[in-house]
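The structure under discussion appears below in the form of structure tokens.
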Amino acid sequence: MTLPSNAQLDLQLAARDLAQAEILPAAAQTDKTEQYPWDNVEKLTQAGFMGMTIPKEYGGRGLSYYDAVLVIEEMAKVCGVTGRIVVEANMGAIGAVMKYGSNTQKELAAKHVLAGDKPAICITEPNAGSAATEMTTTATKKDGRYVINGKKHWITGGGVSKMHLIFARVMENGVSQGIAGFLAVRDETEGLIIGKREPAMGLRGIPETEVIFENMEVDEGMAVIPPEGLKRGFAGLMTAYNGQRIGAATVALGIGQGSYEVALDYAKSRHQFGRPIAEFQGLQWKLADMSIGLEASRALIHNAAAGAGDGFPDMRAAAQAKVMASETAIKVTNEALQIHGAMGYSRNLPLERMARDARMFTIGGGTAEILRTQIAGSILGMKTPQNRDGYVNYSREAAE
Ligand SMILES: CC(C)(COP(=O)(O)OP(=O)(O)OC[C@H]1O[C@@H](n2cnc3c(N)ncnc32)[C@H](O)[C@@H]1OP(=O)(O)O)[C@@H](O)C(=O)NCCC(=O)NCCSC(=O)CCS(=O)O
Ligand SMILES: Cc1cc2nc3c(=O)[nH]c(=O)nc-3n(C[C@H](O)[C@H](O)[C@H](O)COP(=O)(O)OP(=O)(O)OC[C@H]3O[C@@H](n4cnc5c(N)ncnc54)[C@H](O)[C@@H]3O)c2cc1C
């Protein structure tokens, strides 16, 4: 069991104070207006929670993923949207750039994130969701620049994020050389177009949009290619993405924990049949199960985060944590709503928002089904190709 140090407990307390005093009061309004919470971003920036994992030499605090998850849980307990902003300002794209990027790329990304930008990570396409390796966005080199064409959708922060890390297939003479990431700054890059916004079920304060690239040109120095090279580019970028998976798991945990704490209070204060509803065993067992799921999720997340050291969380550990935390959050938020009876169903209380917000985490960041397949491949030590001829090719190669 991973335990936080005293410095980490201080960090967690600082995050809790900010979340309770400043983020909580605006959470319902953020959901209602569906506006990006720029005020919260300002507060997070001042508190040093944007870019806290950026190394000190680039102006950040050089904190770890374990430090970051402690902060994310506190934010997500009161506002899932704010939790997600902290994830993307410390993991995912920024993690990949800080590990694999050039000096110029690191300086560029740090400048934006430390000033309050939450980068967008652009992987998913209309015809390549779970099958992300089937992406068709292309990057073709021309006169020292890459020309990028394609369309992504469900991009978190589309239209508010400045920095974009775009996964694209590098083409040479019409032949794919592998997948790389490309950095582009919105409003400074011609051909980077924000498309339509999805009317999402939850987490409504953060836009989910299409991002379209129409002959978008970036300098060749803006390509983020992991050290193993272009052919292993996707694997390297996804290794970095395991950081964001534990971040997403932590937002789910935080939303679940927040709803559980509200339900605990309510169970003690609401009376029926002349006694607090907390005295009914039917509700006691619900609360017990909720606490078990949350503690188990937290343990998996903390172990995955602490295991990252100076690198990234392990693929299996991150997937296990995300499956557990996302499925627990859906159960816990629904039970917390149930414990409130009709009041849980009212938009005057946060329970219905929390249930909507929790719903995304078995989908975004790799679905629970895909993550189970990755976990299975890892524990069995097997390739688990999902396309029809994948197993045929694999067994043929194994036989040769
Ligand atoms: C990986 C998949 C896209 C399946 O595709 P394939 O079957 O074509 O690919 P694989 O052979 O499984 O993978 C190729 C190569 O990459 C390595 N890999 C893949 N994933 C990881 C990982 N997480 N960590 C480390 N390495 C990874 C894999 O081992 C292969 O290497 P070898 O050749 O075996 O050595 C699919 O499984 C998948 O992950 N789909 C989900 C896509 C996804 O997560 N999208 C997220 C979009 S961003 C987002 O949703 C933000 C939301 S948020 O909450 O913030
Ligand atoms: C709120 C939200 C935010 C997001 N943010 C981003 C973002 O910032 N950047 C980004 O790039 N993407 C983002 N996404 C997209 C997300 O990564 C994809 O939705 C996800 O990877 C699944 O792809 P899909 O929606 O196309 O579903 P599909 O891949 O079409 O899957 C449909 C269903 O089939 C199942 N399925 C598919 N293949 C298999 C298989 N081999 N085995 C078993 N079941 C399978 C899936 O689990 C799912 O239940 C976001 C999504 C959401 C909901």
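We count ligands from 1, going down the list as the structure has it; atoms in each ligand are counted the same way. Computed from heavy atoms alone, side chains included, the values below leave out hydrogens, waters and symmetry copies. Predicted, not measured: the structure shown is a model, and the values here were computed from it.
For Val87, no heavy-atom contact with ligand 1 is shorter than 4.0 Å. With a heavy-atom cut-off of 4.0 Å, Ala235 touches ligand 1 through backbone and side chain alike. At a heavy-atom distance under 4.0 Å, no atom of Met201 approaches ligand 2. Contacts between Lys152 and ligand 2 below 4.0 angstrom, taking non-hydrogen atoms only, are absent altogether. When heavy-atom distances to ligand 1 are checked against a 4.0 Å cut-off, Gln374 comes that close only through its side chain, counted from C-beta outward. By the criterion of a heavy-atom distance under 4.0 Å, the side chain of Met360, and not its backbone, is placed next to ligand 1. Only the side chain of Thr367 comes within 4.0 Å of ligand 2, counting heavy atoms alone; its backbone N, CA, C and O stay farther away.
Compare Gly202, Cys122, Ser130 by their heavy atoms: the one nearest to atom 36 (N) of ligand 2 is in Ser130. For the residues Asn127, Thr156, Leu165, Ile370, the heavy atom positioned nearest atom 8 (O) of ligand 2 is part of Thr156. Nearest residue to atom 10 (C) of ligand 2 from Ile206, Leu371, Thr124 is Thr124 (criterion: closest heavy atom). In this structure, of Ser326, Gly129, Ala240, the residue bringing a heavy atom nearest to atom 42 (C) of ligand 1 is Gly129.
Within a 6.0 Å radius of CH2 in Trp285, no more than 12 heavy atoms belonging to other residues, nucleotides or ligands are found. Crowding of Glu134 atom CD: a count of heavy atoms from other residues, nucleotides or ligands under 6.0 Å not exceeding 12. Environment of CD in Glu57: crowded, with over 12 heavy atoms of neighbouring residues, nucleotides or ligands closer than 6.0 Å. Counting heavy atoms of neighbouring residues, nucleotides and ligands inside a 6.0 Å radius, atom CZ of Arg275 exceeds 12 of them.
Inside a 4.0 Å radius of atom 19 (C) of ligand 1 there is at least one protein heavy atom. For atom 28 (C) of ligand 1, the nearest protein heavy atom is 4.0 Å or more away. Within the 4.0 angstrom cut-off, atom 14 (N) of ligand 2 has one or more protein heavy-atom neighbours. Of the protein's heavy atoms, at least one falls inside 4.0 Å of atom 23 (O) of ligand 2. There is no protein heavy atom less than 4.0 angstrom from atom 7 (O) of ligand 1. Closer than 4.0 Å to atom 20 (C) of ligand 2 lies at least one heavy atom of the protein. Protein heavy atoms all stay at least 4.0 Å away from atom 11 (O) of ligand 1. Within a 4.0 Å radius of atom 32 (C) of ligand 2, the protein contributes no heavy atom.
Looking at atom 24 (N) of ligand 1, its nearest protein heavy atom turns out to be Asn242 ND2, 3.0 Å. Protein heavy atom in closest approach to atom 45 (N) of ligand 1: Gly366 N, 4.2 Å. The protein heavy atom nearest to atom 13 (O) of ligand 1 is Phe234 CE2, 4.4 Å. In terms of protein heavy atoms, atom 4 (C) of ligand 1 is closest to Ser130 O, 4.3 Å. The nearest heavy-atom contact from the protein to atom 21 (C) of ligand 1 is Met238 CB, 3.5 Å. At the top of the distance list for atom 49 (C) of ligand 1, counting protein heavy atoms only, stands Tyr241 OH, 3.0 Å. In terms of protein heavy atoms, atom 1 (C) of ligand 2 is closest to Met360 SD, 3.3 Å. In terms of protein heavy atoms, atom 9 (O) of ligand 1 is closest to Thr133 CG2, 3.9 Å.
Short contacts between ligand 1 and Ala248, defined as distances under 4.0 Å to a heavy atom of the residue, involve ligand atoms 54 (O). Shown in contact with Gly365 at under 4.0 Å from a heavy atom are these atoms of ligand 2, numbered in order with element: 17 (O). Residue contact check: Ile155 has heavy atoms under 4.0 Å from atoms 7 (C), 8 (O), 9 (N), 10 (C), 11 (O) of ligand 2. Shown in contact with Arg84 at under 4.0 Å from a heavy atom are these atoms of ligand 2, numbered in order with element: 3 (C). Close contacts between ligand 2 and Gln386 involve ligand atoms 40 (C), 41 (N), 42 (N) [criterion: under 4.0 Å to a heavy atom]. Numbered from 1 in the order shown, with element, the atoms of ligand 1 that lie under 4.0 Å from a heavy atom of Lys383 read 32 (P), 33 (O), 34 (O). Interface of Ile363 with ligand 2, defined as ligand atoms under 4.0 Å from a residue heavy atom, comprises 19 (O), 20 (C). Every atom of ligand 1 is numbered from 1 in the order shown, and the set under 4.0 Å from a heavy atom of Arg84 is 52 (C), 53 (S), 54 (O), 55 (O). Atom numbering of ligand 1 starts at 1 in the shown order; those under 4.0 Å from a heavy atom of Arg232 are 31 (O), 32 (P), 33 (O), 35 (O). Heavy-atom contacts of Thr239 reach the following atoms of ligand 1: 24 (N), 25 (C), 26 (N) (cutoff under 4.0 Å). Atoms of ligand 1 found under 4.0 Å from any heavy atom of Ile123 (numbered from 1 in listed order, with element): 47 (C), 48 (S).
Inclusion of Gln244 in the set of residues having an N or O under 3.5 Å from an N or O of ligand 1 is warranted. For the pair Arg245 and ligand 1, the shortest N or O to N or O distance falls below 3.5 Å. Ligand 1 has no N or O atom lying under 3.5 Å from any N or O atom of Thr124, backbone or side chain. At least one N or O atom of Gly365, backbone or side chain, sits closer than 3.5 Å to an N or O atom of ligand 1.
Under a hydrophobic clustering in which Ile, Leu, Val, Met, Phe, Trp and Tyr are joined whenever their side-chain heavy atoms come within less than 4.5 Å, directly or via other members, Val160 and Phe49 fall into the same cluster. Residues Met91 and Leu237 share a single hydrophobic cluster, defined by chaining ILVMFWY side chains whose heavy atoms lie under 4.5 Å apart.
Ring geometry for Phe167 against Phe234 counts as perpendicular: the plane angle is over 60°, on a 0 to 90° scale with 30° as the lower cut. The aromatic rings of Phe273 and Phe280 sit perpendicular, their planes meeting at an angle over 60°, well past the 30° parallel limit.
Nearest heavy atom pair, residue Lys162 against residue His112, reads CB-ND1, 4.0 Å.
Under the 4.5 Å side-chain criterion, counting only non-hydrogen atoms from C-beta, Tyr58 is in contact with Asn103.
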Given Gln177 and Lys231, is the side chain to side chain contact (heavy atoms under 4.5 Å, CB included) satisfied, shown in steps?
CA-CA 6 Å; Gln177 305 298 307; Lys231 290 272 177 234; 4.2 Å; yes
